[in-house]
Student: 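Sharing a structure here in structure tokens format.
We count ligands from 1, going down the list as the structure has it; atoms in each ligand are counted the same way. Just so it is clear, the model here is predicted, and its values are computed rather than measured.
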Amino acid sequence: MYSDKVMDHFKNPRNMGEIKDADGVGVVGNPTCGDVMNIYIKVKDDKLEDIKFKTFGCGAAVATSSMITELARGKTLEEAIEITRNDVADALEGLPPVKMHCSNLAADGLRAAIEDYRKKKGGEKDD
Ligand code: FES
């Protein structure tokens, strides 16, 4: 029921961990299951220089957060904020319908981290 890609990212998550001096941190919870996701970003020249995640969630949440770190790394903030849960699911070659909500955590977490970074920068315009 899970694609090989999902299993791969679940068993060998990319970019798992924490960035101690992160420029932005996103913390989101999933109201459906109570799982929690933290996303840490480092930003340089308006690009995501580094991104890591910590997930207290199910296997699909681990796989989707691992995948979103790969999709987002090196992108501009504008590009990264456009990544949707469907992009993540597509990159993983699909998720079972009952697990689609898990990919919200990854997409929302990334967006929250970017918003946190922009807030910390304070007052500066988004673009
Ligand atoms: Fe909670 Fe998947 S069941 S994130």
Student: Thinking salt bridges, do Lys11 and Asp4 make one under a 4.0 Å N-O criterion?
Tutor: no
Student: Just let me know how Ala61 lines up against ligand 1, side chain, backbone, both or neither, with a heavy-atom cut-off below 4.0 Å.
Tutor: side chain
Student: Go through ligand 1 atom by atom and flag the ones less than 4.0 Å from a non-hydrogen atom of Lys99.
Tutor: 3 (S)
Student: Do the charged groups of Lys20 and Glu18 touch, with an N to O distance under 4.0 Å?
Tutor: yes
Student: List every atom of ligand 1 that sits less than 4.0 Å from any heavy atom of Leu105, numbering the atoms from 1 in the order shown and giving each element.
Tutor: 4 (S)
Student: Is any side-chain N of the basic residue among Lys52 and Glu70 closer than 4.0 Å to the acidic one's carboxylate O?
Tutor: no
Student: Under a heavy-atom criterion of less than 4.0 Å, does Met37 contact ligand 1?
Tutor: no
Student: Only heavy atoms of Cys58, strictly under 4.0 Å: list the atoms of ligand 1 that pass.
Tutor: 2 (Fe), 3 (S), 4 (S)
Student: Salt-bridge test for Lys42 and Asp21: reply yes if a basic N is under 4.0 Å from a carboxylate O, no otherwise.
Tutor: yes
Student: If you count the atoms of ligand 1 from 1 in the order shown, which ones are under 4.0 Å from a heavy atom of Cys33?
Tutor: 1 (Fe), 3 (S), 4 (S)
Student: Give a yes or no on whether a salt bridge exists between Arg73 and Asp50, defined as a side-chain N under 4.0 angstrom from a carboxylate O.
Tutor: yes
Student: For Leu48 and Ala80, which heavy atoms make the closest approach, and how far apart are they?
Tutor: CD1-CB, 3.5 Å
Student: Between Thr32 and ligand 1, which part of the residue brings a heavy atom under 4.0 Å of the ligand: side chain, backbone, both or neither?
Tutor: neither
Student: Are Arg111 and Asp108 close enough for a salt bridge, meaning some N to O gap below 4.0 Å?
Tutor: yes
Student: How close does the nearest protein non-hydrogen atom get to atom 4 (S) of ligand 1, and which residue and atom is it?
Tutor: Asp35 OD2, 3.3 Å
Student: For atom 1 (Fe) of ligand 1, decide whether Cys102 has an N, O or S atom at a distance under 2.8 Å.
Tutor: no
